[in-house]
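Following: one structure in structure tokens, then a few remarks.
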Amino acid sequence: MQSWRIPGAVLLFGWVAPLTAQTDRITIYGFFDAELHATNERGGPPWTFAQHHFNVITIYRLSEHWRVFAEIEWEHGPNIEAGGGSGEVVLERAALEYKRNDAFQAKVGKFQPPFGLYNMLHDASPTFLSTALPTSLYGEHTNPLGEDEELIPEAGTGLQVLGRVATKGWRGEYFVYLSNGRGPEPAQQDNNHDKGVGARLVVGLPGGATQIGASYYADRNGDAGNTKQRLIGLDVTARYAEFYLEAEAFTPRLERVDPEGLPNGTFRTARGYYVQLSRPVGPRLTPFARYDFYDSDTDTSDDAERDIVLGLNMAVTPAIWLKGEVHFRSFQDPALERFQDFAGAVAVAF
Amino acid sequence: MKRSLARAMAGVAFGLVVYSSPALAQIAVVVSKSNPVNDLSLEDLEDLYLGRRTTFASGELVVLGEYRPARRSFYQVVLRLSESAVNRHWIGIVFSEGQASPPRVFRDAEAAHRFVLSTRGAICFLDLAAVTDDMKVLTIGGNGPRDQAYSIR
């Protein structure tokens, strides 16, 4: 009897009174955001509202060393109907986690691959200042089949080992993982023999103000004709006085396909980077500026794009943020016109 | 009459100074007396309250507590972060599958007191005036809250 009472109470009251939903064994968190987008791009879409995320994270503590971490996402207000509908419902993550100590942890299941500063947080808009993450690394780009796709998979199903150590002011953090990689059924059946392999190493310098990271990911992308893909990235965060700097640089290497759509053994190399600077003004306001660059093929000279972002983040309460930003987009290709986007959002963590 | 007016004004001025200067209040970091830890460095505290470490040196799991009235001063001194940035940081830890649990928030000293005494591995910060004899006050970098060199105030 007791076994269903606690989860039942959590489900009933968690939505309206999250603090009452916390028990020693089950913890529920989540986030919600609603956005506004407008652009002056010629032929662009009309300005619009979007209810982007409603995600619920549930952590089931099985013992001191074991827990299950799960996240369900309702994206773009799903209205699912047979044969159609809109929006998505996704089990973003579900993994059994083992923690021996801070230095050694392991998980098995579906997880968000640790790559760069934000891949593990790519949906969690309350955790970043802007409405949209840097397009260069976290946006969609043309894959070898000519379709738009993220450079890093949003999820991986497999095993991960991670941990953190600290000594004499230095901090180190590591992640190593093996997954099915991308494909038509990535959480059920790998469609090729090459697994997705990734690693991330983070070093925190003494003083705690500066952190440097390096990330690696490689797989044979089952969503892009089983082409080999590899991505290497470096990142740095630094806090000086009130200023906070975030920067990432990365280079993807993508196998090309022949006219039949099969991998042909030659590769295209891309590169990108962004630098973002922010500084709080008072307890609630944080203006920020970002320079974001992506060159989809380093062998050509007409396909780079830039996005300069000026934005403001305002903490309305400790759990609610208002955001507004303007993107100034420009292109190396003279045939493409510059344009500006506006994105605004309210993001809530609970 | 003049003297009593002057006294009243001095009293009001003193009250205003005390009321408007919460940063001058001493903040003590407390644990249960059964906890073997006696001293932490500022870096230790920063690691614990940023979720970088989840255990004491003894290996015991840390359970963080925060006394809301002292929150702003504590985080400004120990983490050098605004309250908003601390909130965002902890949300990031939870959403990125971090193992550390955010601090439990206590709006009154009595609740914080109960938490420290009844929770294994509990650590909390409090106004020094609210500390009772049944708690252990930690030294920070070897200095107690009444020492000149004590850094959390």
Side-chain angles (χ1 to χ4, degrees), chain A residues 19 22 27 29-31 55 57 59 61 64 67 69 71 93 95 97 99 101-102 105 107 111-112 114 117-121 123-124 126-129 160 162 164 166 168-169 171 173 204 206-209 239 241-242 244 280 282-286 313-319 321 347 349-350, chain B residues 40-63 66 68 71-73 75-107 111 115 118-122 141:
Chain A
L19 290 177
Q22 316 303 320
T27 318
Y29 300 100
F31 56 94
N55 290 37
I57 290 168
I59 300 170
R61 290 189 191 285
E64 187 179 333
R67 71 177 195 175
F69 185 107
E71 177 183 1
R93 328 177 229 193
E97 301 178 347
K99 179 187 170 189
N101 48 42
D102 285 343
Q105 298 159 43
K107 61 180 76 172
F111 50 80
Q112 294 180 335
L117 296 174
Y118 287 110
N119 200 47
M120 290 181 75
L121 293 166
D123 285 326
T127 63
F128 40 88
L129 292 173
Q160 185 181 155
L162 65 151
R164 63 173 75 222
K168 296 178 181 172
R171 291 181 296 106
E173 208 173 343
R239 199 169 58 225
E242 294 281 299
Y244 186 65
R284 293 177 186 274
L285 294 177
T286 309
N313 181 293
M314 178 184 176
V316 180
T317 75
W321 288 269
F350 54 89
Chain B
L40 291 173
S41 67
L42 263 185
E43 289 74 27
D44 291 334
L45 266 184
E46 182 179 0
D47 283 349
L48 291 174
Y49 274 91
L50 285 177
R52 292 174 183 156
R53 262 177 51 192
T54 60
T55 57
F56 288 110
S58 63
E60 184 164 31
L61 201 63
V62 172
V63 183
E66 67 174 32
R68 197 163 191 113
R71 191 173 195 263
R72 179 176 297 185
S73 304
Y75 288 145
Q76 200 68 56
V77 172
V78 176
L79 308 183
R80 303 178 302 282
L81 290 174
S82 68
E83 289 179 276
S84 175
V86 173
N87 290 338
R88 203 191 320 274
H89 174 83
W90 273 105
I91 291 165
I93 286 184
V94 170
F95 292 174
S96 60
E97 303 166 26
Q99 292 277 344
S101 294
R104 299 185 190 178
V105 183
F106 302 102
R107 293 173 195 279
F115 161 73
S118 65
T119 308
R120 197 177 153 200

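Chain letters run A, B, ... following the sequence lines, proteins first and then strands; every chain starts at 1.
Side chains of B/Ser101 and A/Arg61: a donor on one and an acceptor on the other come within 3.5 Å.
Heavy atoms from other residues, nucleotides or ligands lying under 6.0 Å from CZ of B/Arg72 number 12 at most. Few gaps surround CZ on A/Arg171; more than 12 heavy atoms of other groups in view lie less than 6.0 Å from it.
Interface remark: A/Asn313 contributes side-chain atoms only to the contact with chain B (heavy atom separation under 4.5 Å). Heavy-atom distances place the side chain of B/Glu46, and not its backbone, under 4.5 Å from chain A. For a residue to count as touching a neighbouring chain, one of its non-hydrogen atoms must lie under 4.5 Å from one of that chain's; by this rule B/Leu79 touches chain A with the backbone only. Heavy-atom distances place no part of A/Tyr244 under 4.5 Å from chain B, backbone and side chain included. Proximity to chain B (any heavy atom under 4.5 Å) is shown, for A/Pro280, by neither the backbone nor the side chain.
Rounding to the nearest 0.5 angstrom, the gap separating the CH2 atom in A/Trp321 from the CZ atom in B/Arg88 is 6.0 Å. Here the CZ atom belonging to A/Phe69 is positioned 7.5 Å from the OG atom belonging to B/Ser96, to the nearest 0.5 angstrom. Here the straight-line distance linking atom CG of B/Asn87 with atom OG1 of A/Thr127 works out to 12.5 Å at 0.5 Å rounding. For the atom pair OG of B/Ser82 and CG of A/Leu285, the computed distance is 11.0 Å after rounding to the nearest 0.5 Å. Distance CZ/B/Arg80 to CD/A/Glu242: 11.0 Å, rounded to 0.5 Å.
Applying the side chain to side chain contact (heavy atoms under 4.5 Å, CB included) test between B/Glu97 and each of A/Gln105, A/Glu71, A/Arg93 identifies A/Arg93 as the sole match.
Chain B forms more heavy-atom pairs under 4.5 Å with one residue of A/Gly169, A/Ala349, A/Pro206, A/Gly30 than with any other, namely A/Gly30. Note: A/Pro126 leads A/Ala315, A/Pro126, A/Pro114, A/Ala95 in heavy-atom pairs under 4.5 Å with chain B. Interface remark: of the candidates B/Arg52, B/Glu83, B/Glu43, B/Arg52 forms the most heavy-atom pairs closer than 4.5 Å to chain A. In terms of non-hydrogen atom pairs under 4.5 Å with chain B, the most contact-rich of A/Met120, A/Glu173, A/Gln112 is A/Met120. Put simply, of B/Leu81, B/Val86, B/Leu42, the one with the most heavy-atom pairs under 4.5 Å next to chain A is B/Leu81.
Contact of the B/Pro102 side chain with the A/Tyr29 side chain is registered, since non-hydrogen atoms from C-beta on lie closer than 4.5 Å. Within the 4.5 Å cutoff, the side chain of A/Lys99 has heavy atoms near those of the B/Leu61 side chain.
For B/Phe106, the ring pair (Phe, Tyr, Trp, His ring centres under 6.0 Å) partners are B/Phe115, not counting sequence neighbours.
Judged by distance alone, the side chain of A/Asp102 and the main-chain N or O of B/Arg53 form no donor-acceptor pair under 3.5 Å.
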